[in-house]
Amino acid sequence: MNELPPDPPRLRALLAYLDQRLAETETVATYLRLQTAAVRQALTAAARQPPDARQLPPQPRPALQASAQQEEPSGFVVEKQLHAGHPLGATVHRADCTVVQRDANPISADDGRQALTGDGKFFHACEFCRPDAHLGIPG
């Protein structure tokens, strides 16, 4: 590492910057762990199916697919954090929440519960739709 400044104010600024970068990296790592667990669960379920049932269903056209997703909410979604280093982290919503403003990715109830019971600086529950109450997490 390069030479560090000798004075405490600049060292504190460097430490704050490094802590922020670590928090961002941990947020991404938590999200990737949740996605990895979901893929492993889907793989296990797919491996249990008989070979005839493993064929992929025909893909719907994009317009039909979008409308189908709107009609059947998948339970919960994670909305990306407002900006890098935002103190609240990513927001967990119910899939039918009308407050979602940014890109959101669908997650299972188990993933939502895991995110909301973990470290509060990475994920928090939407105060409008209260996914924590629907997941049985005491508030």
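Positions are given from 1, in the same order as the sequence printed here.
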K.L.:
Considering residues at least two apart in sequence or located in another chain, which fulfil the side chain to side chain donor-acceptor pair (under 3.5 Å) criterion with Thr27?
P.N.:
none
K.L.:
Please report the interatomic distance OG1(Thr36) to CZ(Arg40), rounded to the nearest 0.5 Å.
P.N.:
6.0 Å
K.L.:
To the nearest 0.5 Å, how far apart are SG in Cys126 and CZ in Arg94?
P.N.:
10.0 Å
K.L.:
List the steps, then state whether side chain to side chain contact (heavy atoms under 4.5 Å, CB included) holds for Ile107 with Gln35.
P.N.:
CA-CA 8 Å; Ile107 59 171; Gln35 290 300 316; 4.3 Å; yes
K.L.:
Is it true that Val100 and Phe128 fall in one hydrophobic cluster, defined by side-chain heavy atoms closer than 4.5 Å?
P.N.:
no
K.L.:
Just do the side chain to side chain contact (heavy atoms under 4.5 Å, CB included) check on His93 and Phe76 with the steps written out, would you?
P.N.:
CA-CA 6 Å; His93 296 273; Phe76 300 91; over 6 Å; no
K.L.:
How far apart are the C-alpha atoms of Phe123 and Val78, what are their side-chain angles, what is the distance that settles it, and do they pass the side chain to side chain contact (heavy atoms under 4.5 Å, CB included) test?
P.N.:
CA-CA 9 Å; Phe123 296 94; Val78 173; 3.9 Å; yes
K.L.:
Please find the pair of heavy atoms, one from Leu34 and one from Ala115, that lie closest to each other, and give the distance.
P.N.:
CD1-CB, 4.2 Å
K.L.:
Begin from the C-alpha positions of Asp110 and Gln114 and carry the test side chain to side chain contact (heavy atoms under 4.5 Å, CB included) through to its verdict.
P.N.:
CA-CA 6 Å; Asp110 289 337; Gln114 183 179 356; over 6 Å; no
K.L.:
Report the distance from atom CG of Asp111 to atom CG of Leu135, rounding to the nearest 0.5 Å.
P.N.:
10.5 Å
K.L.:
Can you measure from OG (Ser108) to CZ (Arg113) and round to the nearest 0.5 angstrom?
P.N.:
8.5 Å
K.L.:
How many angstroms lie between atom CD of Glu79 and atom NE2 of His124, to the nearest 0.5 angstrom?
P.N.:
8.0 Å
K.L.:
Tell me whether Val92 is reachable from Val28 by hopping between hydrophobic residues (I, L, V, M, F, W, Y) whose side-chain heavy atoms are closer than 4.5 Å.
P.N.:
no
K.L.:
Shortest non-hydrogen contact from Leu116 to Pro131?
P.N.:
CD1-CG, 4.3 Å
K.L.:
Answer yes or no: are there more than 12 heavy-atom neighbours, outside Arg102 itself, under 6.0 Å from its atom CZ?
P.N.:
yes
K.L.:
Closest approach of Ala125 and Thr91, non-hydrogen atoms and distance?
P.N.:
C-CG2, 4.3 Å
K.L.:
List the atom pairs, with distances to 0.1 Å, where a side-chain N or O of residues 5-21 and a protein N or O form a donor-acceptor pair under 3.5 Å, not counting sequence neighbours.
P.N.:
unit_1	atom_1	unit_2	atom_2	d
Asp7	OD1	Arg10	NE	2.8
Asp7	OD1	Arg10	NH2	2.9
Asp7	OD2	Arg10	NE	3.4
Arg21	NE	Glu24	OE1	3.2
Arg21	NH2	Glu24	OE1	3.1
Arg21	NH2	Glu24	OE2	2.8

K.L.:
Answer yes if the side chains of Arg33 and Thr30 hold a donor-acceptor pair under 3.5 Å, and no otherwise.
P.N.:
yes
